Amino acid sequence: MRADPSLIHSQSEVRILAAIRDLLGVAATLDEVAAAALRLCAAMMQADASSLLLRDYDGGYRKFSFVTTEGARDVEHLRLDFGEGIVGAVVEKGLPQVVPDVSRDPRFSERVDTVGGLKAGSVACVPFRVKEGIVGTLEVAKKDAGSLGDKDLELLTALAGSVAVIAENTRVLSEIKDLHDKLEQANRVKAQFLATTSHELRTPINIIIGNLDLLLGGFLGELTARQKDSLRTALRNSGEALNLISSLLDLSRIEAGQFVIRVEEFRLDDVWKELELLFRIGLSGKEVELSWEAKEGLPPLKTDKIKVKEILSNIIFNAVKYTQQGKIEVTAFPLGAGETVQIEVRDTGVGIPKEYLPVIFEPFRQVEGSSPSVHGGVGLGLSIARRLVDLLHGQIVVESELGRGSTFRITLPTKYSA
Ligand SMILES: Nc1ncnc2c1ncn2[C@@H]1O[C@H](COP(=O)(O)OP(=O)(O)OP(=O)(O)O)[C@@H](O)[C@H]1O
Ligand SMILES: [Mg+2]
């Protein structure tokens, strides 16, 4: 009695699907896909050997991998000439071929048998087709003549199709991974370069500032009013250059992962006291009220004080810079059972247009027209603040209305844990 062909077909599909699920589970690289696929073909078809040939750039074929029941035989360096053997015919015509008895087929090439160590009696060979076309063949061989037929060819064709899809996906994935690794490496080099350059630039600028201070203080002789004016301009500009370089250094150090967290216990009240005068100097000449409030129950923090100070100074300095009148209110309060604190910086300044809200935390992003000629700065403050907040496992968000003001909220764990 003959078996129902559709039943054979669906049984094959179930077996293939199950085997491919296993293949997907183990294979991470193209070589692994090839090796697993070959083992799969040999096992499913009870073949004595299976091979995957991939087309080489010079037009011949390269034996990519070769698996026999006695174990894998390395025939990686064996090359077949273009059109040589049954595989050559399959690639040329693009059609699957089964040869029940190779001794009767004049196309059969014995070179593979000799190197691979298996005397094939019958072979089945199908094209290995990926997106760009046929790139090789998938072949199985059995020692006994007459042991492979059309049914095997059908199964092998289905297998080759599925393996090709997996191989293609694996190749694309590995290309993406390579690209990702290269980008990461380039980014590290860039961060390292920035860190070194900004560090090296700081010393001469500090010397310039020191000497300008000496001159202005009259320690090197009396100066005329015009000379003093000119020195003040030089001093102001050197100060801005120093700020920029320090910001770049901070950012590149964070990106290069060179920041160390130093945990200490402190009160936010103290951080405010240390910073307040600088903010007030920044507000001189403006009608802006500045206030600080630590709400009841605000616990002391056990985290990196210097970083918290830098975060607050960047956010509050922005409020100072972008507010011409009204008020700036800084409030700190505990959240939940006190395991988190929130610091809110609310100003009645120029506000930030909606379309800029998603990008202002990126380096060098400034609202057009707001800087640098009008307000100074280069657009690094917020990106540094956000990276520092990340380092301390906190969060920072902003709400703003153009022309009415902005509110930045920083949430930090009360106790830093690595
Ligand atoms: N409180 C605020 N009010 C209005 N706009 C703000 C406020 N804070 C930030 N911005 C906008 O976000 C941009 C980015 O801020 P960021 O602090 O990163 O840069 P900067 O202040 O321009 O320069 P830097 O901080 O490097 O001196 C600013 O240029 C400004 O357009
Ligand atoms: Mg800023």
Side-chain angles (χ1 to χ4, degrees), residues 191 194-195 197-198 201-202 205 209 236-255 272 275-276 278-283 286-292 306-332 342-391 394-411:
L194 264 179
T197 325
S198 33
L201 276 171
R202 250 190 349 179
I205 290 191
I209 290 177
R236 199 175 50 246
N237 281 289
S238 311
E240 277 173 18
L242 188 63
N243 277 341
L244 165 62
I245 286 162
S246 302
S247 297
L248 277 175
L249 188 59
D250 283 352
L251 192 65
S252 51
R253 275 188 179 152
I254 300 172
E255 283 196 352
W272 175 259
L275 289 170
E276 186 180 2
L278 290 173
F279 301 140
R280 297 216 178 270
I281 293 172
L283 283 173
K286 291 198 217 180
E287 284 183 11
V288 177
E289 221 178 277
L290 175 68
S291 69
W292 157 257
I306 308 276
K307 290 187 182 53
V308 172
K309 202 167 155 181
E310 187 161 358
I311 295 164
L312 286 183
S313 102
N314 277 329
I315 302 300
I316 302 171
F317 259 123
N318 279 349
V320 166
K321 195 155 69 166
Y322 298 105
T323 308
Q324 296 312 318
Q325 58 181 27
K327 51 189 175 183
I328 299 171
E329 293 168 318
V330 187
T331 324
Q342 181 162 303
I343 305 149
E344 192 177 277
V345 181
R346 186 185 288 271
D347 69 52
T348 56
V350 293
I352 303 160
K354 249 197 194 72
E355 65 272 24
Y356 279 93
L357 288 176
V359 298
I360 50 167
F361 289 98
E362 289 168 18
F364 306 110
R365 296 300 290 260
Q366 297 179 299
V367 174
E368 234 162 82
S370 77
S371 306
S373 50
V374 190
H375 299 283
V378 285
L380 282 176
L382 284 182
S383 58
I384 291 173
R386 188 176 65 179
R387 280 171 168 80
L388 292 175
V389 168
D390 282 349
L391 281 179
Q395 277 176 332
I396 179 166
V397 290
V398 58
E399 251 173 44
S400 187
E401 204 179 324
L402 199 58
R404 290 184 159 265
S406 316
T407 304
F408 285 80
R409 289 192 186 87
I410 304 146
T411 320

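Just the heavy atoms: all of them, side chains too, but no hydrogens, waters or symmetry mates, feed the values below. Whatever order the structure lists them in is the order used to number ligands and atoms, beginning at 1. Heads up: numbering here begins at 1 and tracks the sequence. Small disclaimer: the values here were computed from a predicted structure and weren't measured.
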Engineer: Would you check if Lys286 and Gln325 make a side-chain contact, meaning some heavy-atom pair closer than 4.5 Å?
Structural biologist: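 Of all side-chain heavy-atom pairs linking Gln325 with Lys286, none is under 4.5 Å.
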Engineer: Are any of the heavy atoms in Asn314 under 4.0 Å away from ligand 1?
Structural biologist: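 False for this residue.
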Engineer: Please indicate whether any nitrogen or oxygen in Arg365 is less than 3.5 Å from any nitrogen or oxygen in ligand 1.
Structural biologist: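 Such a contact does not occur with ligand 1.
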Engineer: If you measure from each heavy atom of Gly379 to ligand 1, is any distance below 4.0 Å?
Structural biologist: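 Yes, Gly379 has heavy atoms under 4.0 Å from ligand 1.
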Engineer: Run through the protein N/O/S atoms less than 2.8 Å from the Mg ion (ligand 2) and write them out by chain and number.
Structural biologist: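 Near the Mg ion (ligand 2), below 2.8 Å, one finds Asn318 OD1.
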Engineer: For ligand 1, is there an atom lying under 4.0 Å from some heavy atom of Ser247?
Structural biologist: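 No, Ser247 has no heavy atom closer than 4.0 Å to ligand 1.
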Engineer: Compare Leu382, Val350, Leu402 and give the one whose heavy atom is closest to atom 18 (O) of ligand 1.
Structural biologist: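 Among Leu382, Val350, Leu402, the closest heavy atom to atom 18 (O) of ligand 1 belongs to Leu382.
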Engineer: Are any of the heavy atoms in Phe408 under 4.0 Å away from ligand 1?
Structural biologist: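 Phe408: in contact with ligand 1 (<4.0 Å).
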Engineer: Determine whether the side chain, the backbone, both or neither of Asp347 has a heavy atom under 4.0 Å from any heavy atom of ligand 1.
Structural biologist: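 Just the side chain.
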Engineer: A side-chain contact here means heavy atoms from C-beta on lying under 4.5 Å apart; do Ile315 and Ile396 qualify?
Structural biologist: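 Touching, per the 4.5 Å side-chain cut-off.
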Engineer: Can you sort out the partners of Trp272 under ring pair (Phe, Tyr, Trp, His ring centres under 6.0 Å), two or more places apart, ordered by chain and number?
Structural biologist: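 In terms of ring pair (Phe, Tyr, Trp, His ring centres under 6.0 Å), with neighbours along the sequence ignored, Trp272 is linked to Phe279, Trp292.
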Engineer: Purely on distance, is any nitrogen or oxygen of Tyr322 under 3.5 Å from one on ligand 1?
Structural biologist: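 Yes, since at least one N or O of Tyr322 sits under 3.5 Å from an N or O of ligand 1.
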Engineer: In chain order, what residues pass the side-chain contact (heavy atoms from CB on, under 4.5 Å) check against Ile205, with sequence neighbours excluded?
Structural biologist: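 Scan of Ile205 (side-chain contact (heavy atoms from CB on, under 4.5 Å), adjacent residues dropped) gives Ile209, Ala241, Leu242, Ile245.
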Engineer: Does anything in residues 356-366 form a salt bridge (charged side-chain N to carboxylate O under 4.0 Å, His left out)? List the pairs, not counting sequence neighbours.
Structural biologist: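 Qualifying pairs: Glu362-Arg365.
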Engineer: Would you say Ile343 and Leu312 make side-chain contact, with heavy atoms under 4.5 Å?
Structural biologist: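 Answer yes - side chains close enough.
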Engineer: Going from CD on Glu310 to CZ on Arg387, what distance comes out if it is rounded to the nearest 0.5 angstrom?
Structural biologist: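 Nearest 0.5 Å value for the CD-CZ distance: 12.5 Å.
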Engineer: Measure the shortest side-chain to side-chain distance between Phe364 and Leu380 over non-hydrogen atoms and say whether it is less than 4.5 angstrom.
Structural biologist: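 Result yes, sub-4.5 Å side-chain heavy-atom pair found.
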Engineer: Can you confirm whether Val398 sits close enough to Phe361 that some side-chain heavy atom of one is under 4.5 Å from a side-chain heavy atom of the other?
Structural biologist: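 Yes - at least one pair of side-chain heavy atoms lies under 4.5 Å apart.
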Engineer: Determine, stepwise, if the pair Leu249 / Ser246 fulfils side chain to side chain contact (heavy atoms under 4.5 Å, CB included).
Structural biologist: CA-CA 5 Å; Leu249 188 59; Ser246 302; 5.5 Å; no
Engineer: Using a strict 4.0 Å cut-off to heavy atoms of Gly351, name the atoms of ligand 1 that fall inside it.
Structural biologist: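 Near Gly351, meaning under 4.0 Å from one of its heavy atoms, ligand 1 has 4 (C).
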Engineer: Using distance alone, decide if ligand 1 has a nitrogen or oxygen within less than 3.5 Å of any nitrogen or oxygen in Ile352.
Structural biologist: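 N/O-N/O distance below 3.5 Å does not exist for this pair.
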Engineer: Any side-chain heavy-atom pair from Leu251 and Ser383 closer than 4.5 angstrom?
Structural biologist: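 Yes, close enough: below the 4.5 Å cut-off.
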